[in-house]
Amino acid sequence: MIHFKHYITMGAALLLTASCSDFLDTAPLDALSPSTTWKTEADAQKFAIGCYDGWEDGGRLLYMDCASDYGYNNFQWEGYKSFANGDMTEANAGANFYDYTIIRRCNTFLANVEGIEFADEAVKKDLIAQVRVLRAYRYFLMNWLYGGVPIIDNYDSATEAQVPRDTEEDVRTFIETELDECTSDLNVAPSERGRIAQGAALALRMREALYYGDWATAKAKAQEIIDLDLYELEPVYSNLFNVSGQDSKEIILAVQYILNTKALGVVGQMYNNGDGGWSSIVPTYNLVDDYEMNNGLTIDEPGSGYDPVHPFKGRDPRMAMTIIYPGADYVKADGTSGIFNTLDKNNADGSSNANYMTSADNASKTGLTWSKYLAPITQYSNIWATNTCPIVFRYAEVLLTWAEAENELNGPSTEVYSKLNEVRNRVGMPDVDKQKYGTKETLRELIQRERGVEFAGEGIRRADILRWTTPDGKMLAETVLNGRLERRIGTVGTGDDPETRATITQNPSPEEVLIENRVFKPFHRYFPIAQSILDTNPALEQNEGY
């Protein structure tokens, strides 16, 4: 069997039959032809591995919270800033996810593999099912982001490939049918890290159902994953996002990056100026404010103990494991320990502070930096070529999906509280207060907050604020993505307690704290299709509003 860690190298050797369709963005010009491939089981194995190359982009996962209230992208040209501030147009469509490369590879594999004899028919079925799941994932991603997209065949000409969009519902039906048909053919446990197995297929089916409010299916698929008895919560939350935690039993599927083969450079862009990074992807105070206090009360509840002058004091421990905040202890690029300071223009010795929020374009404009996947910086020998493996699905999502779906179906129950408490207790947070969160509506509020802080920085926040609604029936995004995005100012001291080193100025000048004004209109539910894509395929119609 071909070892999966070499999938990029092998996949490059056996990619796709050439296609003349620029619209579908399909095959490299040097791809091998069917006459020289598709002879043996080894050919099929190698080609399937090539289907994994780009099935998901780890950089997209890390950037995607910048399209929500929890993240900020400072550089327009990187393609995510517009998703949050609402200035997308056909000509300025932002980062592009309308891409059929992987789908065409999968189609080519599925069209040719049936004629190959395998030593073990179960191996053949498993391989076919892996590719079908990869293809379903790509359709799911595009369908959610753009609305209905074409369900394609293999075409012989660019003209033939100019096909119209299928409806969003039709694409959903295709995805669901594919997953329901092929999941049982998959191995129960992945043969290697990064491979699709039953848990990953069920997780995709679960997430798709959750996003569209199919609560019964979302709960059922979550339960099927639980019943596999393969996954469990990682005891130390922060370890999930370190290289040392990549084999955690919590991880159902992650995008694989390999040193000296296919490394991930986006991580370097996330570090702050003083550590040689660009601060391209940074968290916001909207996220900070969503963390409960460590006593289980929200920051605006009487008796919570929250102090806006020292906002990092006494918070949910996940905050410090997710965000490097002003005053926090952290490891610098040279390996020495330091105090993270983005609030003071100058260092104690009078020199300029490279991390001060407005000192340079590549200083964090919020004054915050992600800790997930970044800390400690010394885990990477080169921050611009890392073996970071961003997580796509993990077991905590299964538990929180089960809880959310069951609450929507039947309201609070002992089982719902138990699954929520399992996630909360992992980091030392107290059990859910059953009296305070004793109705479907109040528990919904807690579940949404819990999901937000648990998965912050992992790329799913925008989908959540699009699917969740406020009491008036509007998307939550219409509340949290309309208005001012602000930083906080103040000073950082040298006390022993990192949680109180930062002193935040109250009632600051509005001009001094403004980062950008954000706008979200209902048609921003979907991203625009870039004009260049519309020009190539005249049969496509643009999303409403653009």
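The structure displayed is predicted, hence computed values, not measured ones.
A donor-acceptor contact closer than 3.5 angstrom is absent between the side chains of N143 and E168. Defined by atom type and a distance below 3.5 Å, a donor-acceptor pair is missing between the side-chain atoms of N407 and R444. With hydrogens and angles left out, the side-chain atoms of Q198 and T183 include no donor and acceptor closer than 3.5 Å. Checked by atom type, the side-chain pair E56/Y137 shows a donor-acceptor distance below 3.5 Å. Side chains of S280 and Y80: no donor on one and acceptor on the other come within 3.5 Å. Side-chain N/O atoms of S304 and N295 include no donor and acceptor closer than 3.5 Å. In this structure, a donor-acceptor pair under 3.5 Å is absent between the side chains of E292 and Y306.
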As a quick check of understanding, evaluate side chain to side chain contact (heavy atoms under 4.5 Å, CB included) for K419 and T414, giving each step before the final call. CA-CA 9 Å; K419 287 178 170 55; T414 299; over 6 Å; no
V255 and L264: CA distance, side-chain angles, deciding distance, side chain to side chain contact (heavy atoms under 4.5 Å, CB included) verdict: CA-CA 10 Å; V255 189; L264 182 63; over 6 Å; no
Begin with the C-alpha distance, continue with both residues' side-chain angles, and end with the deciding distance and a verdict on salt bridge (charged side-chain N to carboxylate O under 4.0 Å, His left out) for E178 and R135. CA-CA 9 Å; E178 284 285 286; R135 181 174 64 175; 2.7 Å; yes
Apply ring pair (Phe, Tyr, Trp, His ring centres under 6.0 Å) to residues Y98 and Y100 and explain how you reach the verdict. CA-CA 7 Å; Y98 190 94; Y100 278 84; 5.5 Å; yes
Before you tell me yes or no, could you show the steps for E454 and L400 under side chain to side chain contact (heavy atoms under 4.5 Å, CB included), namely the whole-Å CA-CA distance, both residues' side-chain angles and the distance that decides it to 0.1 Å? CA-CA 9 Å; E454 174 70 21; L400 293 184; 4.1 Å; yes
For R518 and D69, run salt bridge (charged side-chain N to carboxylate O under 4.0 Å, His left out): C-alpha distance rounded to whole Å, both residues' side-chain angles, the deciding distance at 0.1 Å, then the answer. CA-CA 9 Å; R518 290 181 159 184; D69 54 328; over 6 Å; no
If you apply the rule side chain to side chain contact (heavy atoms under 4.5 Å, CB included), what do you find for I226 with W402, and how did you get there? CA-CA 10 Å; I226 294 169; W402 196 102; 4.2 Å; yes
E301 vs T298, test: side-chain hydrogen bond (donor to acceptor under 3.5 Å, both in side chains). Steps then yes/no. CA-CA 5 Å; E301 285 186 86; T298 61; 3.1 Å; yes
side-chain hydrogen bond (donor to acceptor under 3.5 Å, both in side chains) between D153 and N107, intermediate numbers included: CA-CA 7 Å; D153 295 316; N107 284 352; over 6 Å; no
One pair to check against salt bridge (charged side-chain N to carboxylate O under 4.0 Å, His left out): R318 and E450. What are the steps and the verdict? CA-CA 11 Å; R318 283 172 292 191; E450 190 68 26; 2.7 Å; yes
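Heavy atoms of other residues, nucleotides or ligands lying less than 6.0 angstrom from NZ of K124 number more than 12. Under a cut-off of 6.0 angstrom, the local environment of NZ in K440 is crowded, with over 12 non-hydrogen atoms contributed by other residues, nucleotides or ligands.
Checked by atom type and distance alone, the side chain of D433 never pairs as donor or acceptor with a backbone atom of G296 at under 3.5 Å. In this structure, the side chain of K372 engages the main chain of A456 through a donor-acceptor pair within 3.5 Å. For the pair N482 (side chain) and F520 (backbone), a donor-acceptor distance under 3.5 Å is present. Remark: side-chain polar atoms of R105 are paired, donor with acceptor, to backbone N or O of D53 under 3.5 angstrom. Of the possible polar contacts, none joining the D126 side chain to the A122 backbone as a donor-acceptor pair under 3.5 Å is found. For the pair S82 (side chain) and G86 (backbone), a donor-acceptor distance under 3.5 Å is absent. With hydrogens and angles disregarded, a donor-acceptor distance shorter than 3.5 Å links the side chain of T442 to the backbone of T439. Panel note: side chain Q256, backbone A254; a donor-acceptor pair is recorded below 3.5 Å. The closest donor-acceptor contact from the side chain of Y72 to the backbone of P283 lies at 3.5 Å or more, if one exists at all. Between the side chain of N425 and the backbone N or O of M429 there is at least one donor-acceptor pair closer than 3.5 Å.
Under the 4.0 Å criterion applied to side-chain N and carboxylate O atoms, D65 and R462 are not assigned as salt-bridge partners. Using a cut-off of 4.0 Å between Lys/Arg side-chain N and Asp/Glu carboxylate O, R467 and E404 are scored as salt-bridged. Between R132 and D185 there is no salt bridge, since none of the side-chain N atoms of the basic residue sits less than 4.0 Å from a carboxylate O of the acidic one. Between K436 and E445 no salt bridge is recorded (no basic side-chain N to carboxylate O distance below 4.0 Å).
E541 pairs by the side-chain contact (heavy atoms from CB on, under 4.5 Å) definition with nothing, not counting sequence neighbours. Listed by chain and number, the residues in a side-chain contact (heavy atoms from CB on, under 4.5 Å) with S413 are E406, E415, V416 (sequence neighbours excluded). Residues passing the side-chain contact (heavy atoms from CB on, under 4.5 Å) test with Q246, sequence neighbours excluded: R193, V243, C389. Taking W144 as the reference, nothing meets the side chain to side chain donor-acceptor pair (under 3.5 Å) condition, with sequence neighbours excluded. Here I460 pairs with R207, Y211, R451, F455, D464 under the side-chain contact (heavy atoms from CB on, under 4.5 Å) rule; sequence neighbours left out.
Counting only heavy atoms from C-beta outward, the side chains of R461 and I465 approach each other to under 4.5 Å. Residues L61 and E458 have side chains not in contact (no heavy-atom distance under 4.5 Å, counting atoms from C-beta outward). In this structure the side chain of E478 reaches within 4.5 angstrom of the side chain of P522, judged on heavy atoms. Residues P390 and Y257 have side chains in contact (heavy-atom distance under 4.5 Å, counting atoms from C-beta outward). Side-chain atoms of V392 and I251, non-hydrogen and from C-beta on, never get closer than 4.5 Å to each other. Side-chain atoms of E250 and R426, non-hydrogen and from C-beta on, do get closer than 4.5 Å to each other. Between P528 and N543 there is no side-chain heavy-atom pair separated by less than 4.5 Å. Contact check for V113 versus F118: side-chain heavy atoms found under the 4.5 Å cut-off.
Within the cation-pi definition used here (under 6.0 Å to the ring centroid, within 45° of the axis), R315 does not qualify as a partner of Y291. Because its NZ or CZ atom is both nearer than 6.0 Å to the ring centre of Y212 and within 45° of the ring axis, R172 counts as a cation-pi partner of that residue.
Between Y146 and F97, the two ring planes are tilted [angle within 30° to 60°]. The aromatic rings of F174 and Y139 sit perpendicular, their planes meeting at an angle over 60°, well past the 30° parallel limit.
The salt bridge (Lys or Arg N to Asp or Glu O under 4.0 Å) pairs that include a residue from residues 224-243 are K221-E224, E232-K249, where partners are two or more places apart or lie in different chains.
Across every non-hydrogen atom of N239 and S244, the tightest pair is OD1-OG, 2.9 Å. In terms of heavy atoms, A84 sits closest to S68 at CB-O, 4.3 Å. A197 approaches A189 most closely through the heavy-atom pair CB-C, 3.7 Å.
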